[in-house]
Amino acid sequence: MSAVIPVAQLPAHPRLGGQPLVVVALCAEWCGTCREFRPVLARIAAAHPEVVFAWADIEDDAEIAGDIDVESFPTLAILRDGEALYFGATLPLENVVTKLIHAAARARTAMAGIPDEVAQFAAQLGR
């Protein structure tokens, strides 16, 4: 199994019941920065098998991403057990993204303001 799965496979992922940290990259095929980010995210995912990583193309996966408003690409949503811990844009900087994921893993509540749509997406996955 690939370390980064398509977001469409996320709801049926067998590890979701174990309350893992879930990192969803919200990207767009036409975005050059997103194309640079994909191999960076794959390396991070390979180094962190305890975390579930998913890739969402906001156009191709619009029915899954719902009304989440992505203004900058790439954007990460970090979730755990039906709760959104982080939502924000990032750059393809491996060390920065890794530190962000580690901080989210230690967080007991949301690290910043979470849009309602992202909270709803997290809640749906947590069911």
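Sequential numbering from 1 along the given sequence is applied to the chain's residues. What you see below is based on every heavy atom in this structure, not just the backbone, and it leaves out hydrogens, waters and symmetry mates.
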Engineer: Which pair of non-hydrogen atoms, one from Ala84 and one from Ala110, has the smallest distance, and what is that distance?
Structural biologist: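 Residues Ala84 and Ala110, closest heavy atoms: O-CB, 3.6 Å.
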Engineer: Is there a donor-acceptor contact under 3.5 Å from the side chain of Arg38 to the main chain of Trp55?
Structural biologist: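 Not confirmed, Arg38 side chain does not pair with Trp55 backbone.
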Engineer: Working to the nearest 0.5 angstrom, can you tell me the gap between Leu79 CG and Leu10 CG?
Structural biologist: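 So the gap between those two atoms works out to 8.0 Å.
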Engineer: Grab the two heavy atoms, one from Phe87 and one from Asp69, that are nearest each other, plus how far apart they are.
Structural biologist: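 Result for this residue pair: CZ-O, 3.9 Å.
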Engineer: How far does CG of Leu26 sit from CG of Asp57, to the nearest 0.5 angstrom?
Structural biologist: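 The CG atom of Leu26 sits 10.0 Å away from the CG atom of Asp57.
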Engineer: Is it the case that over 12 heavy atoms from other parts of the model lie below 6.0 angstrom from the CD atom of Glu29?
Structural biologist: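 Open.
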Engineer: Do Ile68 and Trp30 share a hydrophobic cluster (ILVMFWY, side-chain heavy atoms under 4.5 Å, transitive)?
Structural biologist: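 They do share one cluster, since a chain of ILVMFWY contacts under 4.5 Å joins Ile68 to Trp30.
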Engineer: For a 4.5 angstrom cut-off between non-hydrogen side-chain atoms, does Glu94 reach Ile44?
Structural biologist: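 Glu94 reaches Ile44 side chain to side chain.
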Engineer: Measure across Val4 and Ala42 and return the closest heavy-atom pair with its distance rounded to 0.1 Å.
Structural biologist: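 That would be CG2-CA, 3.8 Å.
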Engineer: If you compare all heavy atoms of Ala46 against all heavy atoms of Ala3, which two are closest, and at what distance to 0.1 Å?
Structural biologist: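 In terms of heavy atoms, the two residues are closest at N-CB, 3.9 Å.
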Engineer: Do Val40 and Leu93 belong to the same hydrophobic cluster, where Ile, Leu, Val, Met, Phe, Trp and Tyr are linked whenever their side-chain heavy atoms lie under 4.5 Å apart, directly or via other members?
Structural biologist: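 Cluster IDs for Val40 and Leu93 differ.
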Engineer: Between Cys34 and Phe73, which heavy-atom pair has the shortest distance, and what is it?
Structural biologist: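 Of all heavy-atom pairs spanning Cys34 and Phe73, the closest is SG-CB, 3.5 Å.
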Engineer: Compare every heavy atom of Val24 with every heavy atom of Ala56, then report the nearest pair and how far apart it is.
Structural biologist: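 In terms of heavy atoms, the two residues are closest at CB-CG1, 4.3 Å.
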Engineer: Hey, could you give me the CD1/CD distance between Ile114 and Glu83, rounded to the nearest 0.5 Å?
Structural biologist: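 Those atoms lie 8.5 Å apart.
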Engineer: Roughly how far, to the nearest 0.5 Å, is the CE atom of Met111 from the CD1 atom of Ile78?
Structural biologist: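 Output value for this atom pair is 6.5 Å.
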